[in-house]
**Q** 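Could you have a look at this structure, given as structure tokens, before my questions?
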Amino acid sequence: MGFAISWVAVRASKEDTLFDALGLEKTGETEEIPEREWSTTRIGDWTVVWSNRFEPKKLRDAGSKLKGEVIICDVEEHVMYASVAAFNDGKLSWRIVHDAQQATDHLSLEGAPPKSLPKIQTEQFARVSEDREVDFIFDIPIRVAHELVGFRHNEAVERTFEVLRSAAGSKPKWKFW
């Protein structure tokens, strides 16, 4: 069983503003492993919002509606898809995507990715030459995200996550006529 998750990190953001923009609110509950649909944690000056869904609707346009520095990471291990994108004040700065369904060595770059990308690429492609059975290219977007934010979806560290839920004022998914 693999991960199918997404997370967004916003640097130096006021939590209330961030949660309001995403239509989320705190429940007062915490957990060591983010098992609920939504949760949040702090890493340095980053606020990370975790979703146990791959590309959830609430995060689809988060990069364009959140202010400041924003990193969005999507991971779908079942099909070996990983992406990381950076936004600054609502505008896309760069994006890195690996989609094994297109090719085992697929890597799509958009914009001007961080200066650390060539080193990470070199290391991961070198690993491919050692073992062709493992998708090392999949890890490139994830490593870039980890380097920037200090957060990795499958990293075993002691950290507390605060559980979030859809805000009370959010629109219902259905209504009676």
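These figures come from a predicted structure and were not determined experimentally. Below, all heavy atoms of this structure are taken into account, side chains as well, without hydrogens, waters or symmetry copies.
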**Q** Which residues satisfy the side-chain hydrogen bond (donor to acceptor under 3.5 Å, both in side chains) test with E29, sequence neighbours excluded?
**A** R36

**Q** Working to the nearest 0.5 angstrom, can you tell me the gap between I140 CD1 and D105 CG?
**A** 10.0 Å

**Q** State, yes or no, whether a side-chain contact exists between V97 and H106 at a heavy-atom distance under 4.5 Å.
**A**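 Yes, at least one pair of side-chain atoms sits under 4.5 Å.
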
**Q** Go through the structure and list residues passing ring-ring contact (aromatic ring centres under 6.0 Å, His included) with H146, not counting sequence neighbours.
**A**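 With neighbours one apart ignored, the set is empty.
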
**Q** How long is the gap from OG on S64 to CD1 on I72, to the nearest 0.5 Å?
**A** 8.0 Å

**Q** Kindly say whether P34 contributes a backbone atom to a donor-acceptor pair with the side chain of N52 at under 3.5 angstrom?
**A**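 Yes; at least one donor-acceptor contact below 3.5 Å.
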
**Q** Show, in sequence, the C-alpha distance, side-chain angles and deciding distance for I96 and L107, and conclude whether the side-chain contact (heavy atoms from CB on, under 4.5 Å) test is met.
**A** CA-CA 7 Å; I96 304 167; L107 193 65; 3.8 Å; yes

**Q** Is the distance between the ring centroids of W7 and F151 under 6.0 Å?
**A**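 Yes: the rings meet the under 6.0 Å criterion.
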
**Q** Ignoring hydrogens and geometry, is there a side-chain-to-backbone donor-acceptor pair from T104 to A100 under 3.5 Å?
**A** no

**Q** Any side-chain donor-acceptor pair under 3.5 Å between E162 and T30?
**A** no

**Q** Examine distances only and state if a side-chain atom of E31 and a backbone atom of E35 form a donor-acceptor pair shorter than 3.5 Å.
**A** yes

**Q** Are the side chains of V84 and R95 in contact, using a 4.5 Å heavy-atom criterion?
**A**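 The answer is no; the side chains never approach within 4.5 Å.
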
**Q** Quick one, V8 with V70, criterion side-chain contact (heavy atoms from CB on, under 4.5 Å). Give me CA distance, side-chain angles, the key distance, then yes/no.
**A** CA-CA 7 Å; V8 61; V70 177; 3.6 Å; yes

**Q** Do F161 and I33 have side chains that get closer than 4.5 Å, going by heavy atoms?
**A** no

**Q** With a 4.5 Å cut-off on side-chain heavy atoms, are V49 and L18 touching?
**A**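 Sidechains of V49 and L18: in contact.
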
**Q** Using the rule side-chain contact (heavy atoms from CB on, under 4.5 Å), only one of L24, L22, T27 pairs with L164; which is it?
**A**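 For L164, the side-chain contact (heavy atoms from CB on, under 4.5 Å) check succeeds only for L24.
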
**Q** Working to the nearest 0.5 Å, report the span between OG1 of T47 and CZ of R42.
**A**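 One gets 3.5 Å once the value is rounded to the nearest 0.5 Å.
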
**Q** What pairs meet the ring pair (Phe, Tyr, Trp, His ring centres under 6.0 Å) rule with one or both residues in residues 81-103, with sequence neighbours excluded?
**A** F54-Y81

**Q** Does the pair R152 and I142 meet the rule for a side-chain contact (heavy atoms from CB on, under 4.5 Å), with working shown?
**A** CA-CA 7 Å; R152 188 177 169 105; I142 296 166; 3.4 Å; yes

**Q** Is the closest basic N to carboxylate O distance between R11 and D45 below 4.0 Å?
**A**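 Between D45 and R11 there is a salt bridge, with a charged N closer than 4.0 Å to a carboxylate O.
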
**Q** Please report the shortest heavy-atom distance between W46 and L148, naming the atom on each side.
**A** NE1-O, 3.5 Å

**Q** To the nearest 0.5 Å, tell me how far S51 OG sits from K57 NZ.
**A** 14.0 Å

**Q** Is it the case that one hydrophobic cluster holds both F3 and V79, taking links as side-chain heavy atoms less than 4.5 Å apart, direct or via other members?
**A** no

**Q** Find out whether S13 and L66 are in side-chain contact, i.e. whether some heavy atom of one side chain is under 4.5 Å from a heavy atom of the other.
**A** no

**Q** Less than 4.0 angstrom from a charged side-chain N to a carboxylate O is my criterion; do E25 and R165 meet it?
**A** yes

**Q** Are the side chain of T41 and the backbone N or O of V48 linked by a donor-acceptor pair below 3.5 Å?
**A** no

**Q** Once rounded to the nearest 0.5 Å, what's the spacing between atom CZ of R60 and atom NZ of K65?
**A** 11.0 Å

**Q** How long is the straight-line distance from CD of E76 back to CZ of F138, given to the nearest 0.5 Å?
**A**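 Result: 8.5 Å between the selected atoms.
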
**Q** Determine, for D16 against K26, whether the closest basic-nitrogen to carboxylate-oxygen distance falls under 4.0 angstrom.
**A** no

**Q** Show, in sequence, the C-alpha distance, side-chain angles and deciding distance for K58 and S166, and conclude whether the side-chain contact (heavy atoms from CB on, under 4.5 Å) test is met.
**A** CA-CA 10 Å; K58 287 183 188 297; S166 289; 3.4 Å; yes

**Q** Do E123 and K119 sit within salt-bridge range, that is, some charged N less than 4.0 Å from a carboxylate O?
**A** yes

**Q** Ignoring hydrogens and geometry beyond distance, is a side-chain donor-acceptor pair present between S6 and D74 at under 3.5 Å?
**A** yes

**Q** Does any part of the side chain of E147, heavy atoms only, come nearer than 4.5 Å to the side chain of V144, both counted from C-beta?
**A** no

**Q** Looking at S129 and A126, would you say the former's side chain and the latter's main chain have a donor-acceptor pair under 3.5 Å?
**A**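 Yes, the answer is positive, given that a donor and an acceptor are paired below the 3.5 Å cut-off.
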
**Q** Are W50 and V163 joined in one hydrophobic group, where the rule is that I, L, V, M, F, W and Y side chains link up if heavy atoms are under 4.5 Å apart?
**A**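 No, because W50 and V163 fall into different hydrophobic clusters, even though each may have its own neighbours under 4.5 Å.
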
**Q** Under 4.0 Å between a side-chain nitrogen and a carboxylate oxygen: does that hold for E37 and R53?
**A**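 The answer is yes: the pair qualifies as a salt bridge.
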
